[in-house]
Amino acid sequence: MIEIILNGKKQVLDVEGDMPILWALRDLGLTGTKYGCGIAQCGACTIHIDGEAVRSCSLPVSALQAGQKITTIEGIAGTVLHPLQQAFIDLDVPQCGYCQSGQLMAAAALLSKNPKPDDALIDQEMTNICRCGTYNRIRAAIKQASAHITQKA
Amino acid sequence: MTTSLPLSRRHFLASATALAGGFQLGFTLAPAQADSPKPELNAWVVIAPDESVTIRIARMEMGQGTLTGLAQLVAEELECDWSKVRTEYPTPGQNLKRNRVWGNFATGGSRGIRDSHDYVRKGGAAARMMLVSAAAKQWGVAESDCTVSKGIVTHKASNRSLSYGQLAQAAALIEPPKDIVLKDPKDWTIAGKPLPRLDTRDKVTGAQLYSMDHTMPGLLHAALKNCPIFGGKLKSYDAKQALTMKGVKKVVTVADKGVAVVADNWWRAQQALETITIVWDEGPNATLSSAAIEATLKQGLEAQDAVIGNQSGDAKAAFASAHQIIEAEYSYPYQHHATMEPMNATVLYTPEKCEAWTSTQNAETALAALAKAAGLPAEQCDIHRMLLGGGFGRRAVSHDYVEQAALIAKQMPGVPVKLIWSREEDMLHGHYHPITRARMKAGLDSQGNVTALHMRISGQSIMASINANAFFAAGRDPSSFQGLNPGGTEGVFGYAIPNLLIDHAIRNPPIPAGYWRGVNNNQNALYLESFIDELAQATGSDPLAFRQKLLAKSPQHLAVLNAVADKAEWHKPAPKGIYRGLAQHMGYGSYVAACAEVSVTGNKIQIHRIVAATNPGHAVNPQQIMAQIEGSFAYGLSALFYGEITLKDGKVEQENFDTYEILRMAQMPKVESIVMPSGGFWGGVGEPTIFVAAPAVLNAIAAATGKRLRTMPIQSHSDLKIS
Ligand code: FES
Ligand code: FES
């Protein structure tokens with residue numbers, strides 16, 4: 001049993017230590033985090049742990065420390081949508097949408113460290129699979145959100 | 001706007017009693033009850049007093065934008081306020097009860113819109129006419145003196161107006177019109193516009209529910225292992241340890257082929273499954289390998305038993321008198337769909353009723369599979385359609401996952417069970433893109449004109465795999481000749497070659513084959529467009545000019561080709577180190593072409609730019625067509641560079657994305673799309689541009705390296721890599 005901060009609220013995870021965080025989260029009804037491969041290949045399960053993008057299918061609950069902050073797709077918006085979410089809407093990025101939570105979480109972690117990523121950095125950091133092939137629009141949306149964030153700063 | 005609201009039960013019952021003789025339109029429905037809170041004007045349109053317009057969608061959304069496109073078409077004719085539009089999916093059970101008032105639910109072959117635009121638009125138009133008629137009646141004026149705009153009917157002369165919400169109940173009682181005139185597409189204001197999709201917001205907040213996410217009280221989770229050897233069966237298993245594990249409720253056999261663990265959490269079920277020792281009866285294919293399949297297909301290249309798909313003149317005689325003969329052999333492997341959402345279904349079974357919540361491209365087929373597995377009449381079953389985390393054809397025909405979920409749930413009556421296939425299970429039990437080879441042979445005269453072409457395809461028929469009876473009755477599979485036909489919507493061979501023979505030696509390895517985005521167009525276009533480039537090269541011709549000459553009598557094929565050549569500035573030399581390749585094809589009613597620009601440094605291929613054009617006749621949502629073009633390249637280039645399912649000992653060798661790679665952001669080229677609807681016909685958009693993705697890039701690689709790659713995928717048969 002471990003207590004963490006999940007999307008800003010205290011949450012006890014009372015499951016086996018070897019259960020991947022993905023399946024513990026989905027049992028809590030946070031189904032925005034998706035299963036795609038289970039072996040850290042596709043990124044559909046990406047969440048933030050203390051702001052770092054992590055593939056939650058391959059990290060057991062036992063790897064968490066008490067009080068760590070976990071953010072899922074359900075928790076990245078504040079009173080308004082995250083600039084990336086808004087950009088994904090503006091540019092109509094999702095097709096089937098199944099990979100999009102993971103894409104957004106990976107992109108959000110990228111922008112929080114590098115608010116102005118260039119194409120090479122986007123290529124390097126955005127390694128999640130999108131089978132529908134929304135990559136061109138994801139790239140454009142990251143740039144739009146980046147412009148929005150850096151303008152405000 | 002929301003999607004996927006369940007149909008109101010009460011409302012549904014009210015109209016279900018009606019005899020819906022007008023199959024295509026549902027106009028002969030009994031009028032909605034006057035006290036109905038949400039009057040149904042017809043099967044397609046429901047308008048509530050709060051002005052919300054619910055448009056029913058029969059075809060399925062899986063990312064391709066059909067939901068929004070179909071809603072645009074109905075709304076266009078309805079003349080409603082687009083911001084008030086929401087959508088819902090009727091179930092196949094409701095369709096059954098209402099004499100298939102919504103027609104076909106099948107969503108494949110890029111048919112979502114091209115097969116149903118006529119009757120859904122009529123549904124919208126009929127509803128509008130009834131609303132106008134209700135207003136005219138209430139005011140005692142002529143219908144022709146009323147105008148409609150954005151959900152408001154106005155009688156200018158008396159300065160009166162009423163909203164659709166106010167009129168809907170009266171309108172629902174009006175006799176549906178018989179003569180319906182649809183708008184000329186050039187007058188469209190909602191359809192034909194690049195409107196945002198209706199289903200985006202929930203996909204960026206995590207709120208969108210896929211069938212993977214479906215939940216209900218008491219839900220249990222199942223993990224399954226099916227015999228990994230095609231044609232094999234379950235012999236015995238030992239689940240002692242599994243049954244002691246945390247959360248495990250039950251271990252069950254699934255038909256005679258698999259074992260499933262049911263637990264309170266899917267990961268627990270999967271963990272327990274892995275402790276079960278299973279003995280398989282390996283069956284007749286236990287030694288089947290890719291090498292054996294290849295040998296069978298190679299034999300087919302020489303064989304006499306080929307069915308003819310397209311023939312004119314006498315190719316064999318023309319070869320005898322040809323000045324020059326050019327031959328080349330190509331191959332295209334099995335591919336897996338690899339939808340991002342693995343196969344899954346939730347089923348609740350009781351002896352009286354069986355329901356499933358699942359992702360399907362054809363809920364009517366899914367219903368049939370469910371009913372059969374449940375052992376109940378279809379009338380006592382239903383499928384609740386959930387958004388698909390990708391379809392690409394995998395969820396179109398075989399509903400093995402629904403059947404299995406039902407077989408498991410049947411062993412736990414009253415308990416809803418969600419079966420999820422692990423990614424490994426998903427890769428091992430695909431209905432794969434079929435494997436084929438082709439031998440291309442051309443005869444040229446002394447001026448370099450193509451006088452004869454023989455295209456011999458050898459390989460698997462999809463129809464034989466999914467509908468053996470129909471296949472044996474027909475003795476052929478028309479889909480083998482997609483894009484190579486003498487005429488028709490399913491792909492016209494555009495080149496004028498006086499002596500032509502295209503035939504197929506059908507060789508069916510015991511591997512399940514299925515429709516896979518683009519289907520047989522993919523390899524047919526790759527074979528043909530690569531070879532056309534080889535002929536251009538052999539005659540010292542420019543690949544564009546060479547094609548233009550052969551396509552002179554195929555203006556639609558030519559127009560898309562010219563469009564990409566113009567935009568890519570084919571007439572100007574490419575920047576230093578950059579090489580271009582072209583391809584064109586026609587299929588699913590649409591004409592497509594692409595120009596790729598690549599460079600090759602050492603063994604690294606870089607794709608710098610793709611210019612792609614499509615003429616789908618009518619373009620219902622141009623920005624969504626662009627999204628489909630972009631996505632087609634990601635899918636098509638994944639196949640070209642990486643995609644290959646191989647077999648060893650009767651079993652697929654690739655089990656996850658580490659061995660079945662998918663194109664990612666870093667490799668994705670920038671795609672510039674040209675949507676150029678000519679009007680006059682309705683073509684598909686979800687698949688067509690995939691046809692030209694691989695051949696355009698292959699032709700550019702050949703231009704860059706002087707070497708022709710003929711065996712796919714590139715990664716397994718060349719030291720070239722995409723970077
Ligand atoms: S599900 Fe975690 S990376 Fe694929
Ligand atoms: S939007 Fe479908 S997998 Fe990315």
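These values consider heavy atoms only, across backbone and side chains, with no hydrogens, waters or symmetry-generated copies.
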Just so I understand: if I count every heavy-atom pair under 4.5 Å between each of B/P196, B/A666, B/A634, B/G247 and chain A, which residue has the most? B/A666

At a heavy-atom distance under 4.5 Å, which candidate from B/R268, B/Q64, B/Q667 has the highest pair count against chain A? B/R268

Is B/R664 close enough and on-axis enough to A/Y135, meaning under 6.0 Å and within 45°, for cation-pi? no

Counting heavy-atom pairs under 4.5 Å with chain B, which one of A/P94, A/C37, A/A120 comes out on top? A/C37

Under a 4.5 Å heavy-atom cutoff, which of A/K34, A/Q100, A/E74 has the most pairs with chain B? A/K34

How are the rings of B/W516 and B/H433 set to each other: parallel, tilted or perpendicular (split at 30° and 60°)? perpendicular

In terms of heavy-atom proximity below 4.5 Å to chain B, should A/I89 be classed as side chain, backbone, both, or neither? both

Is it the case that B/Q623 and A/D92 place a side-chain donor and acceptor less than 3.5 Å from each other? yes

For A/L30, is it the side chain, the backbone, both, or neither that has a heavy atom closer than 4.5 Å to a heavy atom of chain B? neither

For the pair B/Q361 (side chain) and B/T107 (backbone), establish whether a donor and an acceptor sit closer than 3.5 Å, ignoring hydrogens and angles. yes

Between B/T215 and chain A, which part of the residue has a heavy atom less than 4.5 Å away: side chain, backbone, both or neither? neither

Per-residue tally against chain B (heavy atom, under 4.5 Å) across A/V93, A/L81, A/I76, A/I138 peaks at A/L81

Honestly, the part of B/F392 sitting under 4.5 Å from a heavy atom of chain A is side chain

Against chain B, label A/R139 side chain, backbone, both or neither, depending on which of its atoms sit under 4.5 Å from a heavy atom there. both

Picking from B/M212, B/E61, B/M427, B/Q271, which has the most non-hydrogen pairs under 4.5 angstrom with chain A? B/M212

Residue A/D18 versus chain B: region with a heavy atom under 4.5 Å: both

Heavy-atom proximity to chain B below 4.5 Å, by part of A/A44: side chain

Is the side chain of B/T66 donor-acceptor paired with the backbone N or O of B/G112 at a distance under 3.5 Å, no angle test? no

Name the option with the most non-hydrogen atom pairs under 4.5 Å to chain A; the candidates are B/Q270, B/H337, B/Q624. B/H337

Find the one option among A/S101, A/G97, A/G32 whose heavy-atom pairs under 4.5 Å with chain B are most numerous. A/G97

Check A/R137 with B/E630, please: is the shortest side-chain N to carboxylate O separation under 4.0 Å? yes

Chain A: which of B/G631, B/A207, B/S638, B/G391 shares the most heavy-atom pairs with it under 4.5 Å? B/G631

Show your working on side chain to side chain donor-acceptor pair (under 3.5 Å) between B/N344 and B/T358 and close with a plain yes or no. CA-CA 7 Å; B/N344 68 87; B/T358 193; 5.2 Å; no

Please check if the number of heavy atoms outside A/K113 that lie under 6.0 Å from its NZ is greater than 12. yes

Going by the angle between their ring planes, with limits at 30° and 60°, are A/Y35 and B/W266 parallel, tilted or perpendicular? tilted

Pick one of side chain, backbone, both or neither for B/L195, based on which atoms fall under 4.5 Å of a heavy atom in chain A. backbone

Per-residue contact mode, B/L209 against chain A (heavy atom under 4.5 angstrom): side chain

Quick one about B/Q72 and B/N621 (side-chain donor to acceptor, distance below 3.5 Å, no hydrogens or angles considered), yes or no? yes

Residue, of A/Q103, A/R26, A/M19, that accumulates the most heavy atom pairs under 4.5 Å with chain B: A/M19

Please check if the side chain of A/N136 supplies one atom and the backbone of B/P669 the other of a donor-acceptor pair under 3.5 Å. yes

Do you know which of B/M62, B/K246, B/K670 has the most heavy-atom pairs under 4.5 Å to chain A? B/K246

Taking atom NZ as the centre, does B/K721 end up with more than 12 heavy-atom neighbours from other residues, nucleotides or ligands that are less than 6.0 angstrom away? yes

